[in-house]
Amino acid sequence: MKHLWLPIFLVVTLLSNVYAQNFQAYTFADIRWLSAPEVVVSKLEGAGYTVPDPEPDENNTVTFSGPLLGNAAVGTANFGDERQLLKIDVMLAPSSGAVSLSEAEATYIQLRDTLFARYGVPSRESLTATGWFTENVGGYVGGIILEVGGDADVTVAYESPRWTFYLAERRGEGTDAF
């Protein structure tokens, strides 16, 4: 029995490494999930974004703005109750500042192609949305969701698997989160 500890240790180490890779598979500005607000702000500023207030607001979010692929972008970094990064939302305006559907579609295609080059073939795709998803991690899925909205806006959401767990947990608490 004493000799089984090494194979068991190796299997556990391998599985935890796979879990960590899947959990961190999709990131924005190379910011790791569960990072503290100070780390997120530092990484965003290092990537050329402006962060007006580095402290999370009452909704546990930090807002930022700056260029993404030549387009004006505004975003939020969303933190859980333990001040850990769980989700980043980014909205892009077409490069001309106009909000015509054709310009939004061009921006969508540009961002989709960039994400395709970085992450490969998407998990799911429709005419107005594309998604890259991690493997199921602890019953929850994270990933990237890119879509063109009805108001000709292009949004991309980077979600850790813990984000859906956090939302489910909040719903179970009966809070006024929704």
Side-chain angles (χ1 to χ4, degrees), residues 17-35 37 39-52 59-80 84-167:
N17 189 28
V18 169
Y19 170 80
Q21 289 174 354
N22 284 336
F23 184 63
Q24 297 291 344
Y26 304 112
T27 60
F28 179 76
D30 293 323
I31 302 170
R32 297 187 63 79
W33 296 120
L34 307 181
S35 293
V39 173
V40 173
V41 168
S42 174
K43 288 279 208 170
L44 286 169
E45 289 175 341
Y49 293 95
T50 302
V51 181
N59 297 317
N60 288 334
T61 62
V62 169
T63 59
F64 60 93
S65 61
L68 180 62
L69 301 177
N71 299 283
V74 294
T76 58
N78 303 282
F79 298 87
Q84 297 176 324
L85 179 65
L86 301 179
K87 181 179 181 188
I88 294 180
D89 290 312
V90 182
M91 184 171 19
L92 293 101
S95 56
S96 69
V99 290
S100 74
L101 189 55
S102 62
E103 286 180 298
E105 288 170 347
T107 300
Y108 172 87
I109 290 168
Q110 178 189 24
L111 187 52
R112 183 208 171 275
D113 290 349
T114 301
L115 292 170
F116 184 87
R118 183 167 182 184
Y119 299 114
V121 178
S123 305
R124 293 190 190 123
E125 189 165 22
S126 70
L127 292 175
T128 59
T130 303
W132 290 262
F133 301 104
T134 62
E135 296 298 319
N136 185 319
V137 178
Y140 299 94
V141 176
I144 302 171
I145 302 165
L146 170 66
E147 61 188 335
V148 176
D151 295 332
D153 58 343
V154 178
T155 59
V156 59
Y158 293 78
E159 298 179 355
S160 76
R162 181 125 174 99
W163 175 251
T164 51
F165 173 78
Y166 175 73
L167 291 179

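Reckoned from all heavy atoms, side chains included, excluding hydrogens, waters and symmetry mates. Please read all numbers here as calculations on a predicted model, not as lab measurements.
- Judged by distance alone, the side chain of W33 and the main-chain N or O of Y26 form a donor-acceptor pair under 3.5 Å.
- Of all non-hydrogen atoms in N60 and Y166, the two that sit nearest each other are ND2-OH, 4.1 Å.
- Qualifying side-chain contact (heavy atoms from CB on, under 4.5 Å) partners for S126, counting only residues two or more places apart in sequence or in other chains: T128, A129.
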Assess whether side-chain contact (heavy atoms from CB on, under 4.5 Å) is satisfied between V62 and V40, documenting all intermediate values.
CA-CA 9 Å; V62 169; V40 173; 5.9 Å; no
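- Looking only at side-chain heavy atoms (C-beta outward), V154 and L146 come within less than 4.5 Å of each other.
- For P122, the side-chain contact (heavy atoms from CB on, under 4.5 Å) partners two or more places apart in sequence, or in a different chain, are R112, F116, E125, T130, W132.
- The side-chain contact (heavy atoms from CB on, under 4.5 Å) search around T63 returns P52, T76, not counting sequence neighbours.
- One distance of note links NZ of K43 with CG of D30; it measures 6.0 Å at 0.5 Å rounding.
- To the nearest 0.5 Å, atom CG of residue N71 and atom OG1 of residue T107 are 4.5 Å apart.
- Residues A29 and A47 approach most closely at CB-CB, 4.1 Å, considering heavy atoms.
- Taking both residues in full, the closest heavy atoms of P161 and T134 are given as CG-OG1, 4.0 Å, listed atom of the first, atom of the second, then distance.
- Of the inter-residue distances, the one linking L111 atom CG with L69 atom CG reads 6.0 Å to the nearest 0.5 angstrom.
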Let me have the donor-acceptor pairs involving side chains of residues 84-91, under 3.5 Å, with sequence neighbours excluded, atom names and distances please.
from: K87; atom 1: NZ; to: D89; atom 2: OD1; distance (Å): 3.4
from: K87; atom 1: NZ; to: E159; atom 2: OE2; distance (Å): 3.4

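- Between I145 and F133 the shortest heavy-atom distance is CG1-CE2, 4.0 Å.
- For the atom pair CD1 (I144) and CG (L115), the distance works out to 5.0 Å, reported to the nearest 0.5 Å.
- Residue N59 holds its CG atom at 13.0 Å from CZ of F79, rounded to the nearest 0.5 Å.
- The salt bridge (charged side-chain N to carboxylate O under 4.0 Å, His left out) pairs that include a residue from residues 60-77 number zero, where partners must be two or more places apart or lie in different chains.
- Residues forming a ring-ring contact (aromatic ring centres under 6.0 Å, His included) with F64 (at least two apart in sequence, or on another chain): F28, Y49.
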